[in-house]
Amino acid sequence: MASTIPDPPESTCTARPEAEPSPGRQGARSPGGQEVRPSPSRQELRPTADKPAAPPTADEQQARPASDVAGRVEAHGIDYIPEHERHGHPRQLFSVWAAANVNYLSLVVGGTLILMGLTLGQALVVIVVGNLFWLLTGLLSISGPAAGTPSEVITRAIYGIRGNRVNNAVVGWMISVCYFALNLAAAATAAFSLVEKAGLTASTGVKIVVVLVIAAITLTIGVYGHGLIMKLYLPITLALTAVFAVVAVSVLRHTDFSYAPPAPLRGAELWTVLVAGVTLISSAPLSYTTSADFARYLPRTTSVKAVLGWTALGGFVPGVVVCSLGACAASAVDMADPQSGLRKILPGWFDPLFLLALILGTIALNALTAYSAGLALQAVGIRIRRSLSVLADGTAAVSLTLYALLVSDFLDTVSNVLQLTVVLLGPAMTIYATDIWLRHNHYDGPTLMDETPDSPFWYTAGVNTAGALALAGGVAASALCVNTLYTGPIARALDGLDLALPVGIVVSGSLYAILSRRMRPSGSVDAPCG
């Protein structure tokens with residue numbers, strides 16, 4: 001996008017040029033007015049990360065578009081962010097991820113570990129181990145500054161131009177909408193209690209209105225986008241920290257640190273529950289295969305360690321703390337009904353503030369989910385503005401939420417969905433992380449935007465066979481080992497032990513590393529390199 005345009009129109013997904021590119025032809029223009037770069041020669045395919053970026057000129061600084069400020073709808077969608085529009089510091093990522101992980105769902109999941117039959121000590125170990133997967137989320141985020149594009153575009157290097165559209169439709173959009181619905185249902189459950197405290201009856205009509213109001217606030221943040229997220233999430237993090245400090249004091253005063261179930265689990269049964277617990281906890285960090293979306297505005301020269309570290313810490317610290325509070329509370333009260341149980345140990349005056357904090361934390365979480373789901377919808381190939389794509393995601397998620405709340409059992413829905421999505425998300429995230437390692441995090445953002453058959457990421461008929469086979473193999477292996485909504489044959493042979501997560505990770509990562517080297521296009525320096 002030209003830097004001399006002061007107010008660029010909001011970007012749509014990058015469109016294929018109207019005519020096939022030819023040697024020497026000037027870049028075609030998409031319907032949104034953006035130039036689509038012609039397919040480069042092999043000499044031009046060297047990763048831009050090898051060359052230092054030229055600092056912006058004085059004219060570029062003065063003409064810098066206000067495309068990422070809190071008070072305006074973000075102009076960029078899945079398009080490349082030019083270097084002169086990059087800004088910020090990686091420490092801002094901590095508050096983005098921290099605000100999103102102080103939420104009701106984390107309390108529920110932490111309490112669920114005790115309900116599954118673990119002792120408090122075992123539950124706390126599971127919580128720490130499961131949250132270590134935030135390191136993978138942090139690793140994926142480093143590709144954002146390197147490419148200047150969101151994860152939904154970077155994965156074209158893994159699956160090919162056409163293959164990536166399928167990947168975004170399933171992993172990027174469908175899974176995001178499911179998580180949006182689950183979290184919205186969690187926030188709405190807290191809001192129903194708040195409504196009843198105000199003296200109203202939480203009838204079906206009232207519940208529908210509450211869901212719609214929470215969704216509207218969430219989607220507003222998602223529509224305004226990256227600039228508003230960066231502005232809001234630090235104060236949200238501080239506010240939630242203050243509230244949960246009070247919760248921690250109250251919960252720890254009542255915690256039975258020697259808690260053990262009446263019939264402690266032993267042997268194979270214990271290992272089955274421990275592995276299932278880690279899978280349940282890890283489902284949160286594994287759901288963020290799109291963490292580069294929130295780091296892509298950082299300058300390309302930003303420290304890789306800083307981006308990885310602040311992202312991982314932002315998820316790990318609140319993830320451990322809030323899940324642990326849920327487990328500690330379950331040692332003292334019945335967390336099968338979390339709100340009723342917590343009401344017994346929290347001060348009466350504090351209950352409304354606590355419910356408001358749960359709603360706020362879930363809104364912060366879902367705004368990130370809605371934002372990435374909107375980008376995924378663009379990356380599928382639908383020509384729609386990012387702001388409208390976010391609203392489309394919200395409509396689908398609200399429908400699922402109302403079903404979860406009014407028809408299905410919420411706790412069963414949460415547990416089953418979170419464990420089942422790991423079958424797909426574990427392999428998807430592992431393949432992405434493997435690709436970053438193979439390429440040494442070298443991604444050429446402008447080249448990734450080229451969707452023509454001359455693109456180095458067109459591979460074979462638009463599909464990278466290495467990525468497609470690795471994902472299919474990882475998911476298939478994981479499905480054989482799963483034990484949630486259904487029991488795979490390997491899990492059945494192991495008396496219910498669910499090894500879906502570790503098996504899916506090992507198989508998918510190994511397959512991608514082997515196949516990507518064997519199928520590397522001859523002479524393509526932007527293909528995976530060992």
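Quantities reported herein were computed from a predicted structural model and do not represent experimental measurements.
Separating the CG atom in Leu425 from the OG atom in Ser287 is a distance of 7.0 Å, to the nearest 0.5 Å. Going from atom CG of Asp444 over to atom CG of Asp450 covers 10.5 Å, rounded to the nearest 0.5 Å. In this structure, CG in Leu298 is found 5.5 Å from CG in Leu93, a value given to the nearest 0.5 Å. Between the CD1 atom in Ile221 and the CD1 atom in Ile236 there is a gap of 5.5 Å [rounded to 0.5 Å]. Here CG of Leu480 is found 11.5 Å from CG of Leu499. Values are rounded to the nearest 0.5 Å. Annotation: the span from Ile359 atom CD1 to Thr189 atom OG1 amounts to 10.0 Å, rounded to 0.5 Å.
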| task | Kindly indicate, with the supporting measurements, whether the criterion side chain to side chain donor-acceptor pair (under 3.5 Å) is fulfilled by Thr452 and Asp454. | result | CA-CA 5 Å; Thr452 71; Asp454 289 333; 4.8 Å; no
| side chain to side chain contact (heavy atoms under 4.5 Å, CB included) between Val322 and Asn101, worked out | CA-CA 8 Å; Val322 179; Asn101 283 283; over 6 Å; no
| task | Show your reasoning for whether side chain to side chain contact (heavy atoms under 4.5 Å, CB included) applies to Leu219 and Phe180. | result | CA-CA 11 Å; Leu219 293 174; Phe180 189 121; 4.0 Å; yes
| said: Show, in sequence, the C-alpha distance, side-chain angles and deciding distance for Leu325 and Phe244, and conclude whether the side chain to side chain contact (heavy atoms under 4.5 Å, CB included) test is met. | reply: CA-CA 9 Å; Leu325 287 177; Phe244 270 80; 4.0 Å; yes
| task | Go through the steps to decide whether Val398 and Leu402 satisfy the test side chain to side chain contact (heavy atoms under 4.5 Å, CB included), and finish with yes or no. | result | CA-CA 6 Å; Val398 166; Leu402 293 175; 4.2 Å; yes
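Using modelled atom types and a 3.5 Å distance limit, the side chains of Tyr432 and Thr289 yield no donor-acceptor pair. A donor atom on one side chain and an acceptor atom on the other are found under 3.5 Å apart for Asp293 and Ser372. Counting only N and O atoms by type, the side chains of Tyr297 and Gln92 include no donor and acceptor under 3.5 Å apart. For the residue pair Asn183 and Thr362, no side-chain donor N or O sits within less than 3.5 Å of a side-chain acceptor on the partner.
Shortest non-hydrogen contact noted between Leu240 and Gly361 is CD1-CA, 3.8 Å. Of all heavy-atom pairs between Ser143 and Ala292, the closest is OG-CB, 3.6 Å. What you find for Val211 and Ala188 is that their closest heavy atoms are CG2-CB, 3.8 Å. Closest approach of Ser141 and Thr311 over heavy atoms only: OG-OG1, 3.4 Å. Residues Gly163 and Val463 come closest through the heavy atom pair N-CG2, 4.0 Å. When every heavy atom of Ser283 is checked against every heavy atom of Val422, the shortest pair comes out as CB-CG2, 3.8 Å.
With Asp498 contributing its side chain and Ala276 its backbone, the two residues share no donor-acceptor pair below 3.5 Å. Checking side-chain atoms of Arg300 against main-chain N and O of Gly148 turns up no donor-acceptor pair under 3.5 Å. Looking at Thr401, its side chain does come within 3.5 Å of a backbone N or O of Ala397 through a donor-acceptor pair. When atom types are taken as modelled, the side chain of Thr430 and the backbone of Gly509 share no donor-acceptor pair closer than 3.5 angstrom. Using a distance-only test at 3.5 Å, with no hydrogens or angles considered, no donor-acceptor pair links the side chain of Thr119 to the main chain of Ala260. Panel note: side chain Asn168, backbone Asn164; a donor-acceptor pair is recorded below 3.5 Å. With hydrogens and angles ignored, the 3.5 Å screen pairs a side-chain donor or acceptor of Asn441 with a backbone N or O of Ile142. Of the possible donor and acceptor atoms, one in the side chain of Ser282 sits under 3.5 Å from a partner among the backbone N and O of Thr279. Side chain of Thr487 to backbone of Asn483: no donor-acceptor contact under 3.5 angstrom is found. Checked by atom type and distance alone, the side chain of Asp334 never pairs as donor or acceptor with a backbone atom of Gly341 at under 3.5 Å.
Taking the six-membered ring for Trp and thresholds of 30 and 60 degrees, Trp97 and Tyr288 have ring planes more than 60 degrees apart, a perpendicular arrangement.
Side-chain contact between Ile114 and Met335 is absent, with no heavy-atom pair separated by less than 4.5 Å. Two residues are said to be in side-chain contact when any heavy atoms from C-beta on lie closer than 4.5 Å; Ile161 and Ser455 meet this criterion. Contact annotation: the side chain of Val153 approaches that of Arg156 to within less than 4.5 Å [non-hydrogen atoms, C-beta and beyond]. Residues Val278 and Leu274 have side chains not in contact (no heavy-atom distance under 4.5 Å, counting atoms from C-beta outward). Counting heavy atoms from C-beta outward, Ile158 and Tyr512 have side chains that approach closer than 4.5 Å. The closest side-chain heavy-atom distance from Arg162 to Tyr459 is not below 4.5 Å. Leu118 places a side-chain heavy atom less than 4.5 Å from the side chain of Val273. Here the side chains of Pro456 and Thr447 are in contact, with some heavy-atom distance below 4.5 Å.
Here Glu152 does not pair with Arg386 in a salt bridge; the nearest charged N to carboxylate O distance is not below 4.0 Å.
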Side-chain donor-acceptor distances from residues 125-133 under 3.5 Å, at least two apart:
from: Asn131; atom 1: OD1; to: Trp134; atom 2: NE1; distance (Å): 3.2
from: Asn131; atom 1: ND2; to: Ile127; atom 2: O; distance (Å): 2.8

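For Ala147, the side chain to side chain contact (heavy atoms under 4.5 Å, CB included) test picks out Thr149, Ile154, Tyr443, Leu448, with sequence neighbours left out.
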